[in-house]
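Note sheet for the following structure.
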Amino acid sequence: MALLVGAALLGLHFLAASFSQMPLNPVKLRHFETVSGYLDPYFTQNWMLFAPDPLADNRGILARAKCADGSTTEYYDVTTKYVEQAQHSRFFPSRMSRLVTGNVQQINGGDPVLNRLREAEKEKKKKEIPLMPFEKTSQEEAIRFLSRYSLTQMSGVCGGKPDQVQVRVYIQELPPWSKRKDPKAEDKVTVQDLKWLKAGSLL
């Protein structure tokens, strides 16, 4: 009996994972929030490695806090520590860095079909297609997660009682492979400051 229950739960898990990767359609729009609530953040699916256009950049976050007296701390590097841990343990790497990169992708990734439509409209100089409700929900969830996660990484700031937290997302675009030997090729870094959130609302 336990074996049947386990097999059924495993089947439901793979069904939810497959559902999250299916093309945009009315069924996905209706049930996206439910499935996303189950998968995020530990089971988020990202098939960029196998895509025609794989990731070619470094992504991470910095975070700072605002104390009750109004002072603001310096930015704390939330990402690098866990990336270095993963690089120094090739056989049993830490997966903590995925918590950050997955949610950064969730903020700026969007649905591939809608992204292509927006690019097409932009080229035609037409009005940009607004974010769909499920995209707004997905972004809000990612922002809250990154803010909450950042708080756990700087627990000693403001005497251990920060009032607000703000996350800064950075994306370092690396030079293309074709320019790997060009000494003039430079990285391009873009920065996105997320909104301040009350620390109490993230607990």
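Only this structure's heavy atoms are used, side chains among them; waters, hydrogens and symmetry mates stay out.
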Tell me the closest heavy-atom pair linking [X] and [Y], and the distance in Å.
X      : Y      : value
Ala16  : Leu39  : O-CD1, 3.8 Å
Tyr170 : Ile61  : CE2-N, 3.5 Å
Pro162 : Leu151 : CG-CD2, 3.7 Å

Is there a side chain to side chain contact (heavy atoms under 4.5 Å, CB included) between Tyr149 and Leu99? Walk through the geometry before answering. CA-CA 9 Å; Tyr149 179 72; Leu99 296 177; 4.0 Å; yes
In sequence, state the C-alpha distance, the side-chain angles, and the governing distance for Ile171 and Val191, and then conclude on side chain to side chain contact (heavy atoms under 4.5 Å, CB included). CA-CA 7 Å; Ile171 299 177; Val191 172; over 6 Å; no
Can you list, pair by pair, the side-chain donor-acceptor contacts under 3.5 Å of residues 196-203, counting residues two or more places apart and other chains?
{"from": "Lys198", "atom 1": "NZ", "to": "Asp163", "atom 2": "OD1", "distance (Å)": "3.4"}
{"from": "Lys198", "atom 1": "NZ", "to": "Asp163", "atom 2": "OD2", "distance (Å)": "3.2"}
{"from": "Ser201", "atom 1": "OG", "to": "Lys198", "atom 2": "O", "distance (Å)": "2.7"}

Test side chain to side chain contact (heavy atoms under 4.5 Å, CB included) on Leu194 and Ser147 and set out the steps. CA-CA 9 Å; Leu194 306 181; Ser147 300; 5.5 Å; no
Verify whether one side chain among Glu33 and Tyr38 offers a donor that lies under 3.5 Å from an acceptor in the other.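 No - no donor-acceptor pair under 3.5 Å links their side chains.
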Is it the case that atom CG in Leu3 sees more than 12 heavy atoms from other parts of the structure closer than 6.0 Å?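 Counting other residues, nucleotides and ligands, CG of Leu3 stays at 12 neighbours or fewer.
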Is the number of heavy atoms from other residues, nucleotides or ligands under 6.0 Å of Lys179 NZ greater than 12? no
Against Arg59, only a single residue in Ile107, Val104, Asn103 fulfils side-chain contact (heavy atoms from CB on, under 4.5 Å); can you say which?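 Of the listed residues Ile107, Val104, Asn103, the side-chain contact (heavy atoms from CB on, under 4.5 Å) partner of Arg59 is Val104.
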Sub-4.5 Å side-chain heavy-atom contact between [X] and [Y]:
X      : Y      : answer
Val167 : Leu62  : no
Asp182 : Pro175 : no
Gln106 : Glu141 : yes
Tyr76  : Gln153 : yes

Partners meeting side chain to side chain donor-acceptor pair (under 3.5 Å) with Glu186 (sequence neighbours left out): none
Nearest 0.5 Å please: distance from the [atom1] atom of [X] over to the [atom2] atom of [Y].
X      : Y      : atom1 : atom2 : answer
Gln166 : Lys195 : CD    : NZ    : 12.0 Å
Tyr75  : Ser150 : OH    : OG    : 11.0 Å
Met154 : Asp77  : CE    : CG    : 12.0 Å
Lys161 : Ser155 : NZ    : OG    : 14.0 Å

Exam field: side chain [X] to backbone [Y], donor-acceptor pair closer than 3.5 Å:
X      : Y      : result
Thr137 : Pro133 : yes
Thr73  : Arg64  : no
His88  : Glu84  : yes

